Asks: 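Handing you this structure, nothing more for now.
Given the structure is predicted, the values throughout are model-derived calculations rather than measurements.
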Amino acid sequence: MDDLNSEKERLLKVRKKQKLKKPDFEKYGHKHKKRVTSAWRKPRGSQSKHRIMRKGKPPLVKSGYGSPSLVRYLHPSGYEEIIVFNVGELDSIDPKMQIVRIGRSVGKKKRLEIEEKAKSLGIHIINTVKEV
């Protein structure tokens, strides 16, 4: 188990370094046309210079940019991130392996209930209510 944790920590550092080098993939031509959103879409035109990967064009999304499979989809802390919308969902969470994020549509009253229950169960919450 200790081997796995040290390997996971190493891979989290590798993923952090990789993300610094990875370009921001954006839809080709979004800087020139206001109506074109920046969200990535694969270029499909038959004469598209971007699809052909001509020199000077932005990089295409490829499998080589992916993070290591052992730490994929994990929070930077190394825990699996679970979104919770009510108090009942906290019962199925393992505090040793998982971390909680309260859903954005949850109101303040229910959010405080979730935080209180999580504290009693020893579960860590990423986005707690900030006291003013």
Asks: Are Val61 and Met53 connected, step by step, through hydrophobic side chains (Ile, Leu, Val, Met, Phe, Trp, Tyr) whose heavy atoms are closer than 4.5 Å?
Replies: yes

Asks: Are Leu121 and Val106 co-members of a hydrophobic cluster defined by side-chain heavy atoms under 4.5 Å apart?
Replies: yes

Asks: Determine whether more than 12 heavy atoms belonging to other residues, nucleotides or ligands lie under 6.0 Å from atom CD of Glu113.
Replies: yes

Asks: Evaluate the side-chain proximity of Gln18 to Pro68: yes if any heavy-atom separation is below 4.5 Å, no if none is.
Replies: yes

Asks: Which pair of heavy atoms, one from Lys108 and one from Val129, lies closest together, and at what distance?
Replies: CE-CG1, 4.0 Å

Asks: Is there a path of hydrophobic side-chain contacts, each under 4.5 Å between heavy atoms of I/L/V/M/F/W/Y residues, joining Ile114 to Phe85?
Replies: yes

Asks: For Lys34, enumerate each residue passing the side chain to side chain contact (heavy atoms under 4.5 Å, CB included) test, keeping only those at least two apart in sequence or located in another chain.
Replies: none

Asks: So, Arg15 side chain and Val71 main chain: donor-acceptor pair closer than 3.5 Å or not?
Replies: yes

Asks: Going by heavy atoms in the side chains, are His124 and Val100 under 4.5 Å from each other?
Replies: no

Asks: When you compare the side chain of Ile82 with that of Ile99, does any pair of heavy atoms fall below 4.5 Å?
Replies: no

Asks: Report, one line per pair, each donor and acceptor closer than 3.5 Å where one atom sits in a side chain of residues 44-52; sequence neighbours left out.
Replies:
residue	atom	partner	partner atom	Å
Arg44	NH1	Lys42	O	3.4
Ser48	OG	His50	N	3.3
Ser48	OG	Arg51	N	3.2
Lys49	NZ	Gln47	O	3.2
His50	NE2	Pro58	O	3.0
Arg51	NE	Gly45	O	2.8
Arg51	NH2	Ser46	O	2.9

Asks: Determine, stepwise, if the pair Glu115 / Lys110 fulfils side-chain contact (heavy atoms from CB on, under 4.5 Å).
Replies: CA-CA 9 Å; Glu115 286 182 22; Lys110 198 188 288 185; over 6 Å; no

Asks: Are Glu7 and Arg10 close enough that some pair of their side-chain heavy atoms sits under 4.5 Å apart?
Replies: yes

Asks: Do Leu90 and Ile125 share a hydrophobic cluster (ILVMFWY, side-chain heavy atoms under 4.5 Å, transitive)?
Replies: yes

Asks: Give, for atom OG of Ser67 and atom NZ of Lys19, the distance between the pair rounded to the nearest 0.5 Å.
Replies: 7.0 Å

Asks: Please identify each residue that fulfils salt bridge (charged side-chain N to carboxylate O under 4.0 Å, His left out) with Arg41, with sequence neighbours left out.
Replies: none

Asks: Got a sec, which residues hit side chain to side chain donor-acceptor pair (under 3.5 Å) with Ser77, two or more places apart in sequence or on another chain?
Replies: His75

Asks: Would you mind writing out the side-chain donor-acceptor pairs for residues 20-28 within the sub-3.5 Å range, not counting sequence neighbours?
Replies:
residue	atom	partner	partner atom	Å
Glu26	OE1	His30	NE2	3.0
Lys27	NZ	Thr37	OG1	3.4
Tyr28	OH	Lys57	NZ	3.1

Asks: Do Val87 and Ile126 belong to the same hydrophobic cluster, where Ile, Leu, Val, Met, Phe, Trp and Tyr are linked whenever their side-chain heavy atoms lie under 4.5 Å apart, directly or via other members?
Replies: no

Asks: With a 4.5 Å cut-off on side-chain heavy atoms, are Ile83 and Ile102 touching?
Replies: no

Asks: Report the distance from atom OG of Ser105 to atom CZ of Arg111, rounding to the nearest 0.5 Å.
Replies: 9.0 Å

Asks: Scan residues 68-94 for pairs that pass salt bridge (charged side-chain N to carboxylate O under 4.0 Å, His left out), counting only residues two or more places apart or in two chains.
Replies: Glu81-Arg101, Asp91-Lys117

Asks: Do Pro59 and Tyr65 have side chains that approach each other closer than 4.5 Å (heavy atoms only, starting at C-beta)?
Replies: yes

Asks: Please examine the side chains of Tyr79 and Leu74, heavy atoms only from C-beta on, and report whether any two atoms are closer than 4.5 Å.
Replies: no

